[in-house]
Amino acid sequence: ATYNMPWVQGLSLGAIQTLESGVPYGASNANTTGNFNGINPQPFVTNTVGYVTPPTGSNTIYFYTNRDAFRTEGQKRTDLSVNYVRNVPGVPGMRGFQLFAQAQVINLFNQFQLCGCAGTVFQNGGATTQTRINTAIRTSVSHASTYTSFNPFTQTPVQGVNWDLDPAFGTPLNRLAYTSPQQFRFSVGFRF
């Protein structure tokens with residue numbers, strides 16, 4: 001919403017209310033640590049194609065749950081802006097010369113949700129959840145003494161036997177796992 005103040009020429013207030021549903025994610029071995037520790041398909045595939053380097057458990061992606069089995073919290077955030085523009089008449093050689101100022105408050109009420117959606121002043125949201133929330137799992141590739149391997153072509157893996165969620169699964173990896181904190185931005189300039 002934007003409202004032009006009738007008593008001050010060029011002054012306007014703006015507000016944006018963000019209401020987002022949570023971002024879905026699943027338990028796969030394409031995890032946040034960069035270690036792909038899923039299934040080693042080599043024992044179950046005959047190398048009929050002649051791979052120089054057959055895929056291993058450290059670089060084979062496998063989803064142990066539905067891709068959207070889990071969901072982050074939804075984001076709720078209010079942003080506010082104050083804008084002022086003033087036309088400057090009589091500048092030689094410049095038609096439509098304006099001075100402007102803008103102030104913004106991002107996340108006015110300083111609300112925080114574990115949404116995997118925050119960003120910096122220059123990049124607010126839009127990155128993948130996997131870089132912000134722990135989605136790591138444990139398998140026979142990463143914990144051979146705890147979990148047994150299975151044939152991914154003929155067997156359905158059992159949680160607790162063939163794989164399990166990392167103890168930190170679903171927890172924040174960094175500050176960007178949360179809604180952007182309250183920020184203040186201010187800019188002044190001219191345009192023509």
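What you see is a predicted model, and the numbers here were worked out from it, not measured in a lab. FYI, side chains are in, hydrogens and waters are out, and symmetry mates aren't considered; it's all heavy atoms of this structure.
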Open item on the list: Please report whether the ring centroid of F63 lies less than 6.0 Å from that of Y25.
Closed with: no
Open item on the list: S12: which residues meet the side-chain hydrogen bond (donor to acceptor under 3.5 Å, both in side chains) condition with it, sequence neighbours left out?
Closed with: none
Task: Atom pair CZ/OG of R185 and S81 - distance to nearest 0.5 Å - done: 10.5 Å
Task: Closest contact, heavy atoms only, A177 versus I133 - done: CB-CG1, 4.2 Å
TODO: Of all the heavy-atom pairs spanning S21 and R71, show the shortest one and how long it is.
DONE: OG-NH1, 4.1 Å
- [ ] Apply the side chain to side chain contact (heavy atoms under 4.5 Å, CB included) test between K76 and each candidate in L19, T18, N107, T179; give the one that qualifies.
- [x] L19
TODO: Check D79 against I106 and note the closest heavy-atom contact, atom names and distance.
DONE: OD1-CA, 3.5 Å
Open item on the list: Side chains of E20 and Q75 only: does a donor on one sit below 3.5 Å from an acceptor on the other?
Closed with: yes
- [ ] For N162 and T156, work out which heavy atoms get closest and say how close.
- [x] OD1-O, 4.4 Å
Task: Minimum heavy-atom distance between S142 and I137, given as atom pair plus value - done: OG-O, 4.4 Å
Open item on the list: Check the orientation of Y64 and W163. Use parallel for under 30°, tilted for 30 to 60°, and perpendicular for over 60°.
Closed with: tilted
- [ ] I would like to know whether V85 and R191 meet side chain to side chain contact (heavy atoms under 4.5 Å, CB included); could you show each step before the answer?
- [x] CA-CA 10 Å; V85 176; R191 52 185 167 229; 3.2 Å; yes
Open item on the list: Restricting to non-hydrogen atoms, name the atom on Q98 and the atom on N87 that form the minimum distance, rounded to 0.1 Å.
Closed with: NE2-OD1, 2.8 Å
TODO: List for me each residue that meets side-chain hydrogen bond (donor to acceptor under 3.5 Å, both in side chains) alongside Q102, sequence neighbours excluded, and say none if there are none.
DONE: N83, Q104
Task: Separation between OG1 of T65 and CZ of F70, rounded to the nearest 0.5 Å - done: 5.0 Å
Open item on the list: A quick test of your reading: do over 12 heavy atoms of other residues, nucleotides or ligands sit less than 6.0 Å from CD1 of I16?
Closed with: no
TODO: Could you tell me if the ring centre of F190 sits under 6.0 Å from that of F97?
DONE: yes
Can you give me every donor-acceptor pair (side chain of residues 1-9, partner residue at least two apart or in another chain, under 3.5 Å) with its distance?
none

- [ ] To the nearest 0.5 angstrom, please state how far the CG atom of L114 sits from the OG1 atom of T72.
- [x] 7.0 Å
- [ ] Describe, in one word, how the ring planes of F184 and F186 are oriented to each other, choosing from parallel (under 30°), tilted (30 to 60°) and perpendicular (over 60°).
- [x] parallel
TODO: Would you mind reporting whether Y147 and R138 have side-chain heavy atoms less than 4.5 Å apart?
DONE: yes
